[in-house]
Colleague: 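Below are the structure tokens for one structure; questions will follow.
Everything numeric in this text was worked out from a predicted model, so none of it was measured. Hydrogens, waters and symmetry mates play no part in the numbers below; they use all other heavy atoms, side chains included.
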Amino acid sequence: MAIQAHLVELERKHKVLETELHDALAHPSTDDTRIAELKRRKLMVRDQIAKLKQTKTSVH
């Protein structure tokens with residue numbers, strides 16, 4: 001169960017980052033560094049999700 005809860009939390013974080021990135025890209029005044037940071041964080045969360053899903057499937 002703990003894996004599933006962690007997975008849900010990571011997916012929530014990914015969605016929040018997706019929204020933040022979308023908003024940042026919609027505003028031309030957003031610093032490129034900020035956009036790069038959001039993309040990097042989103043990618044890290046996505047990688048964590050993939051790793052956790054792989055762990056979850058290998059456990060079952």
Side-chain angles (χ1 to χ4, degrees):
M1 264 327 224
I3 292 175
Q4 183 62 31
H6 190 55
L7 185 57
V8 167
E9 179 61 19
L10 287 173
E11 288 172 341
R12 186 196 63 77
K13 284 181 182 180
H14 189 268
K15 186 171 179 87
V16 168
L17 287 168
E18 177 87 28
T19 301
E20 285 184 44
L21 181 57
H22 182 271
D23 292 347
L25 290 170
H27 293 89
S29 62
T30 304
D31 183 11
D32 287 345
T33 306
R34 171 79 174 139
I35 292 172
E37 175 65 17
L38 288 168
K39 286 181 177 181
R40 184 187 67 77
R41 289 174 47 203
K42 186 178 163 204
L43 182 60
M44 285 177 51
V45 172
R46 189 191 74 190
D47 289 347
Q48 288 176 329
I49 290 169
K51 185 181 282 188
L52 197 57
K53 283 183 177 180
Q54 183 178 15
T55 301
K56 185 179 171 188
T57 57
S58 65
V59 170
H60 286 88

Colleague: Quick one: do I3 and V45 end up in the same hydrophobic cluster if we chain Ile, Leu, Val, Met, Phe, Trp and Tyr together by side-chain heavy atoms under 4.5 Å apart?
Modeller: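 In one cluster: yes.
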
Colleague: Looking only at heavy atoms, which two atoms of A24 and L38 are closest? And how far apart?
Modeller: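 Closest pair (atom of A24, atom of L38, distance): CB-CD1, 4.0 Å.
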
Colleague: I need the full list of salt bridge (Lys or Arg N to Asp or Glu O under 4.0 Å) pairs touching residues 23-34, with sequence neighbours left out, sorted by first then second residue.
Modeller: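 Checked against salt bridge (Lys or Arg N to Asp or Glu O under 4.0 Å) - neighbours excluded - the pairs reaching residues 23-34 are E20-R34.
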
Colleague: How would you list, by chain and number, every residue that makes a side chain to side chain contact (heavy atoms under 4.5 Å, CB included) with K39, sequence neighbours excluded?
Modeller: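 With neighbours one apart ignored, the set is L21, I35.
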
Colleague: Kindly write out the residues that satisfy side chain to side chain donor-acceptor pair (under 3.5 Å) with E11, not counting sequence neighbours, or none if the list is empty.
Modeller: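 With neighbours one apart ignored, the set is empty.
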
Colleague: Is the closest basic N to carboxylate O distance between E18 and K15 below 4.0 Å?
Modeller: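 Judged by the 4.0 Å cut-off on N to carboxylate O distance, E18 and K15 do not form a salt bridge.
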
Colleague: Nearest 0.5 Å, please: how far is CE in M44 from NE2 in H14?
Modeller: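 If I round to the nearest 0.5 Å, the distance is 12.0 Å.
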
Colleague: Test side chain to side chain contact (heavy atoms under 4.5 Å, CB included) on L43 and R46 and set out the steps.
Modeller: CA-CA 5 Å; L43 182 60; R46 189 191 74 190; 3.1 Å; yes

Colleague: Looking at OG1 of T33 and CZ of R40, how far apart are the two atoms once the value is rounded to the nearest 0.5 Å?
Modeller: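 Spacing of OG1 (T33) from CZ (R40) equals 12.0 Å.
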
Colleague: Listed by chain and number, what are the side chain to side chain contact (heavy atoms under 4.5 Å, CB included) partners of H22, not counting sequence neighbours?
Modeller: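 None.
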
Colleague: Run the side chain to side chain donor-acceptor pair (under 3.5 Å) test against Q48 and tell me which residues pass, sequence neighbours left out.
Modeller: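 None.
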
Colleague: Tell me every residue that passes side chain to side chain donor-acceptor pair (under 3.5 Å) with K13, counting only those two or more places apart in sequence or in another chain.
Modeller: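 Applying side chain to side chain donor-acceptor pair (under 3.5 Å) to K13 gives none.
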
Colleague: Can you tell me how far the CG atom of L52 sits from the CG atom of D47, to the nearest 0.5 Å?
Modeller: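 CG of D47 is found 12.5 Å from CG of L52.
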
